[in-house]
Amino acid sequence: MIPRSFIQQLVQRCDIEEIVSGYVLVKRAGRNLKALCPFHSEKTPSLVLYPDNQSFYCFGCGAGGDVISFIMRAENLDYPDAVRFLARRVGMEVPEEGDDSGAQLRARVLQLNREAALFFHKCLKTPAGREGYAYLHEKRGLPDKIITSYGLGYAPDSWNALGDYLLGKGFTQEELLAAALSAKGRKGGIYDQFRNRVMFPILDLRGNVIGFGGRVLDDSKPKYLNSPDTPVFKKSRNLFSLNFAKNAGKEQLILAEGYMDVIAIYAAGFRNVVATLGTALTGEQARLMSKYAREILIAYDSDGAGQAATHRAINLLSEAGLTAKVIHMEGAKDPDEYIKKFGPTRFQLLLEGASDVIAHELAGIRARCDLETSEGRIEYLKSAVNVLADIRSPLEREVYASDVAQVAGVTAEAVGGQVNALIRKRAKEREKKEWRDIELNKEASQDRINPQKRQNLKEAQAEEGILAFLMDHPDSYGYLLNRIRPEDFVTDFNRKVLEAMASLRREGEVSLSLLGQLLTPEELRGAAGILARHHDQTQTKELLDAYIDILLAHKDRLKPEAARAADPADIEAYRRRLRERK
């Protein structure tokens, strides 16, 4: 464990407002601060920062904790790595005192992935990998330099070639399963997850191999097989080839659909290209791109699925504050085919001629509508107004409204009026929905962390009040423990938090940051939520006594089974205790 004294010093030097401001725009809201949560898509700020205790909590998705917890989520790091990340930022050196099992497993999985990548790459140049090399080099036209740069490889057509190799290197079956390089068989053994596929290693920004994508050599299904989430890999938070693109020296990224498109674009001389990892673009990936670029050129396939994916991506990129443009490829279905047919120079012209997303959307609507008929013009106007209502800039809306009006043969004022009315309507609906979702998500999040709360609502709320009081009044532990014990808590989660706080108190200071060493990330989010919900409540000794009395009353409650077995003396003793409570 990293020494607690170091954690305290680190958190004192890392102001939560300053850290969070590096990811989202933070605004003052009374004594606290508010921001749009970077961990889920929203338009109404529900992330609250509490400078007095250096914590945060999102009332929308339930994310919460201290500055270390924030970095864990924002940078996809475990606890020790998040501490190291912050320490580097403020110029502190982490005094290592061992490591926890989670960090050890993460380190082993990274080692496993590196060995697997080397194994796949070596196999590509052996007789067993002849088909894979022919696919990449001859069929897809990739030169050896690019194959080496991306570490491409081949998974042999075998059930255990990789597994036997890695077991021979000293790794265990459990570690292979944790890395998702092996799967469990029906009889308890393991077999290789990737077989007879060309392999694409996925690297993080530090150059670690965190996962793999594998493509079949024919038309069998599934065409692509991707690593599932593991201790080191989260598909929704990573992008293929970002380790190269981040060093391209541009404030622009090309967003392609798949591995081969990325590699073809990179081989043609365009280094600033990335792709999602077998899933549709996520809000987390959009926010990740916003750290390295201001403009995204969408180079998805020209088929129907690609165009639908383009439409979904446009909204996510806009929410992340990115300008998006769309590349129009005629005469080819994807960037790989386009570059092979027309060459890098023509592709450069495509990039330079990329249209902004609004023009792209309006052109698509115009192509679908018959503007020679009244019905067609009405359909065009309704669809166009929906697009214009998404534009944030009033000036841009006015320009595009004039264009739409000219096409449809109506006045710009009429179009502008319809757009403004729709914006107002959407704002009201969005506000109602988001706050409804906030309440639902908050309740669901609480239930996941403390499932016993719903059946013991009064007692659980009293427990939460006690925990919040103790965080603000650490000198009250002795008083509390003279009246009530941890085992008197009704819910297991709140009891665990109390025991963790009591353990910290025995050794010195109690803080949310130090709790992070004793609780899981999800449990810490629950503790942060308790503090957030009680933050503006005046904590008094009388209130603490009221909370304690609720739990003692529950403890003394005569259960139906006990009542049936009790003799008159037991019942009288029970009544006497109740009178004394009053």
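What you are looking at is a predicted structure, and each value in this text was computed from that prediction instead of being measured. Scope of the values below: all heavy atoms of this structure, side chains included, with no hydrogens, waters or symmetry mates.
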Next on the checklist: Rounded to the nearest 0.5 Å, what separates atom CZ in F39 from atom CZ in F56?
Outcome noted: 5.0 Å
Item to check | Step-by-step side-chain contact (heavy atoms from CB on, under 4.5 Å) determination, I423 to V419 | outcome: CA-CA 6 Å; I423 289 172; V419 171; 3.9 Å; yes
Checklist entry - Does a side-chain heavy-atom distance below 4.5 Å link E413 with Q418? => result no
Checklist entry - Do F347 and F270 make the cut of ring centroids closer than 6.0 angstrom? => result yes
Next on the checklist: side-chain contact (heavy atoms from CB on, under 4.5 Å), that's the test. Do L33 and V48 meet it? Break it down for me.
Outcome noted: CA-CA 6 Å; L33 302 111; V48 182; over 6 Å; no
Checklist entry - Can you check whether E337 reaches K341 side chain to side chain, under 4.5 Å on heavy atoms? => result yes
Checklist outcome for this item: CZ of F233 to CG of N76, rounded to nearest 0.5 Å, is 10.0 Å
Checklist entry - Taking atom types as modelled, is there a side-chain donor on Y259 or N226 under 3.5 Å from an acceptor on the other? => result yes
Checklist entry - Just wondering, do F59 and R533 contact through their side chains at under 4.5 Å, heavy atoms? => result yes
Checklist entry - Looking at E115, R197, M199, which one forms a side chain to side chain contact (heavy atoms under 4.5 Å, CB included) with F120? => result M199
Checklist entry - Among side-chain atoms of S241 and Y150, is any donor-acceptor pair under 3.5 angstrom? => result yes
Item to check | Cation-aromatic face contact R271/F244, 6.0 Å, 45 degrees | outcome: no
Item to check | Student check: side-chain heavy atoms of R73 and P521 closer than 4.5 Å | outcome: no
Next on the checklist: If we count only N and O atoms by modelled type, under 3.5 Å, do the side chains of N247 and Y292 hold a donor and an acceptor together?
Outcome noted: no
Next on the checklist: Taking atom CD as the centre, does Q348 end up with more than 12 heavy-atom neighbours from other residues, nucleotides or ligands that are less than 6.0 angstrom away?
Outcome noted: yes
Next on the checklist: I need the I263 CD1 to I146 CD1 distance, nearest 0.5 Å.
Outcome noted: 8.5 Å
Next on the checklist: Take a 6.0 Å sphere around CD of Q252 and say whether it holds more than 12 heavy atoms from other residues, nucleotides or ligands.
Outcome noted: yes
Checklist entry - Will you find, in the side chains of D334 and Y300, an N or O donor that is under 3.5 Å from an N or O acceptor? => result no
Item to check | Salt bridge K340-D336, side-chain N to carboxylate O under 4.0 Å | outcome: yes
Checklist entry - So, Y135 and R215: side-chain donor and acceptor under 3.5 Å apart, yes or no? => result yes
Next on the checklist: For R114, is the CZ atom crowded, meaning more than 12 foreign heavy atoms sit under 6.0 Å from it?
Outcome noted: no
Checklist entry - Is any NZ, NE, NH1 or NH2 atom of the basic residue among D192 and R195 found under 4.0 Å from an Asp or Glu carboxylate oxygen of the other? => result no
Item to check | Verdict with reasoning, D144 to Y133, per side chain to side chain donor-acceptor pair (under 3.5 Å) | outcome: CA-CA 10 Å; D144 285 341; Y133 182 74; 2.7 Å; yes
Checklist entry - How far does CZ of R31 sit from NE2 of H535, to the nearest 0.5 angstrom? => result 5.5 Å
Next on the checklist: For R28, I'd like to know if atom CZ has over 12 heavy atoms of other residues, nucleotides or ligands within 6.0 Å.
Outcome noted: yes
Item to check | Option from N32, V26, D15 for which side chain to side chain contact (heavy atoms under 4.5 Å, CB included) with L49 holds | outcome: V26
Item to check | Rounded distance (nearest 0.5 Å) linking atom CG of L277 with atom CG of L239 | outcome: 6.5 Å
Next on the checklist: Less than 3.5 Å apart, any donor N or O on the side chain of E75 or Y23 sitting next to an acceptor on the other?
Outcome noted: yes
Checklist entry - Got more than 12 heavy atoms from elsewhere within 6.0 Å of CD, E352? => result yes
Next on the checklist: Please report the interatomic distance CG(L203) to CD1(I210), rounded to the nearest 0.5 Å.
Outcome noted: 7.5 Å
Checklist entry - Would you find a donor on one side and an acceptor on the other, under 3.5 Å apart, between the side chain of H121 and the backbone of G153? => result no
Item to check | R426 and N386: side chain donor to acceptor below 3.5 Å | outcome: yes
Checklist entry - Do the side-chain N and O atoms of D66 and S69 include a donor-acceptor pair separated by under 3.5 angstrom? => result yes
Checklist entry - Are more than 12 heavy atoms from other residues, nucleotides or ligands located less than 6.0 Å from atom CZ of R366? => result no
Item to check | side-chain contact (heavy atoms from CB on, under 4.5 Å) between N243 and D204, intermediate numbers included | outcome: CA-CA 6 Å; N243 54 303; D204 66 12; over 6 Å; no
